[in-house]
Protein chains: 2
Amino acid sequence: MLLTMSRNPEEPVYNRIEEARAALGLSRQDLADKTGVHYQTIGYLEREEYSPSLVLAIRIAKSLNQEVSELFSLTPFKKGK
Amino acid sequence: MLLTMSRNPEEPVYNRIEEARAALGLSRQDLADKTGVHYQTIGYLEREEYSPSLVLAIRIAKSLNQEVSELFSLTPFKKGK
DNA sequence: ATGCTATGTAGCATTAATGCAACATCTAGG
DNA sequence: CCTAGATGTTGCATTAATGCTACATAGCAT
């Protein structure tokens, strides 16, 4: 089909993907490859322009050796790990 | 828009929603109300006709006093709790 | 039997998540 | 300076997730 203007849903999910990814020295492309998604998708998630599906969240957590609950939250994360 | 025939995605997520819900003596309608979704949505999830968004998974886990990882998995659950 | 509750099934509308492509920008190296 | 890599931005197509409505069925009451 055509149209729609997604980007920026009403229900954001906070995440620490960028920190966790940087801690492992991975580029977005690297993480995208490990996870099996487009590298832009990682970017959108890090910028919190939309929230992932549960499957994607689980796969990303696995790629980063983290628990889903450590990486994603409905409430903002505190600064620092 | 129109059309589409969702139901039954390519990537299922296994879950224990039904068991956890029953353990608390809640009907689907009860859980749907607590979670803020349509009661049919709970049914689709229990029958694994599609997998939830991350936000919904988190909210459901919270409604059932469970961890996301205890309730959802990319691999099938063993029988019994 | 009648009725009520829980559940399954089917369709359709709307919106979000994802892929992908084409750019722009910025920075680190050579 | 030039180039390459990483990241941000915009647009559009496709598909999944969700809401909602309606109806069927099965069980359990009264």
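Naming: A, B, ... by sequence-line order, numbering from 1 per chain.
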A.B. asks: Measure all distances between protein nitrogen or oxygen atoms and nitrogen or oxygen atoms of nucleotides 22-30 of chain D, and list the pairs falling under 3.5 Å.
C.D. replies:
{"residue": "D:dA22", "atom": "N6", "partner": "B:Gln40", "partner atom": "NE2", "Å": "2.7"}

A.B. asks: Just wondering, do B:Leu71 and B:Phe77 contact through their side chains at under 4.5 Å, heavy atoms?
C.D. replies: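 B:Phe77 does not reach B:Leu71 side chain to side chain.
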
A.B. asks: Do the side chains of B:Arg47 and B:Glu18 get close enough for a salt bridge, i.e. N-O under 4.0 angstrom?
C.D. replies: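 A salt bridge is absent here (no side-chain N lies under 4.0 Å from a carboxylate O).
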
A.B. asks: Can you find a pair of side-chain heavy atoms, one from A:Tyr50 and one from A:Thr41, that are under 4.5 Å apart?
C.D. replies: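 A:Tyr50 vs A:Thr41: side chains touch.
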
A.B. asks: Is the phosphate of C:dA17 approached by A:Ser51 (side-chain N or O, under 4.0 Å from OP1 or OP2)?
C.D. replies: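 Yes, within the criterion.
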
A.B. asks: For the side chain of B:Leu56, counting heavy atoms from C-beta on, which of C:dT9, D:dT18, D:dG19 is nearest?
C.D. replies: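 Of C:dT9, D:dT18, D:dG19, D:dT18 is nearest to the side chain of B:Leu56.
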
A.B. asks: Any side-chain N or O of B:Thr41 less than 4.0 Å from the OP1 or OP2 oxygen of D:dA17?
C.D. replies: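 Indeed not, no polar side-chain atom of B:Thr41 lies that close.
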
A.B. asks: So, B:Ser63 and B:Thr35: side-chain donor and acceptor under 3.5 Å apart, yes or no?
C.D. replies: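 Indeed, the side chains of B:Ser63 and B:Thr35 share at least one donor-acceptor pair under 3.5 Å.
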
A.B. asks: Based on Watson-Crick and G-U pairs with both distances under 3.5 Å, what dot-bracket line describes DNA chain D 5' to 3', crossing pairs as [ ] and inter-strand pairs as |?
C.D. replies: ||||||||||||||||||||||||||||||

A.B. asks: Between A:Ser53 and C:dT18, is there a side-chain N or O to OP1/OP2 distance below 4.0 Å?
C.D. replies: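 Yes, because at least one side-chain N or O of A:Ser53 sits under 4.0 Å from OP1 or OP2 of C:dT18.
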
A.B. asks: Applying side-chain contact (heavy atoms from CB on, under 4.5 Å), can you list everything that pairs with B:Ile58, at least two apart in sequence or on another chain?
C.D. replies: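 side-chain contact (heavy atoms from CB on, under 4.5 Å) list for B:Ile58, sorted by chain: A:Leu74, B:Leu54, B:Val68.
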
A.B. asks: Assess whether a salt bridge exists between A:Glu70 and A:Arg16, defined as any Lys/Arg side-chain N lying under 4.0 Å from an Asp/Glu carboxylate O.
C.D. replies: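 Salt bridge flag = no for A:Arg16 with A:Glu70.
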
A.B. asks: Are side-chain heavy atoms of A:Leu31 and A:Tyr39 found at a separation under 4.5 Å?
C.D. replies: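 The answer is no, as the side chains (C-beta and beyond) never meet within the 4.5 Å cut-off.
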
A.B. asks: Please check the phosphate of D:dT7 (OP1 and OP2 only) for any side-chain N or O of A:Arg21 closer than 4.0 Å.
C.D. replies: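 So the side-chain polar atoms of A:Arg21 do come within 4.0 Å of the phosphate oxygens OP1 or OP2 of D:dT7, strictly under.
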
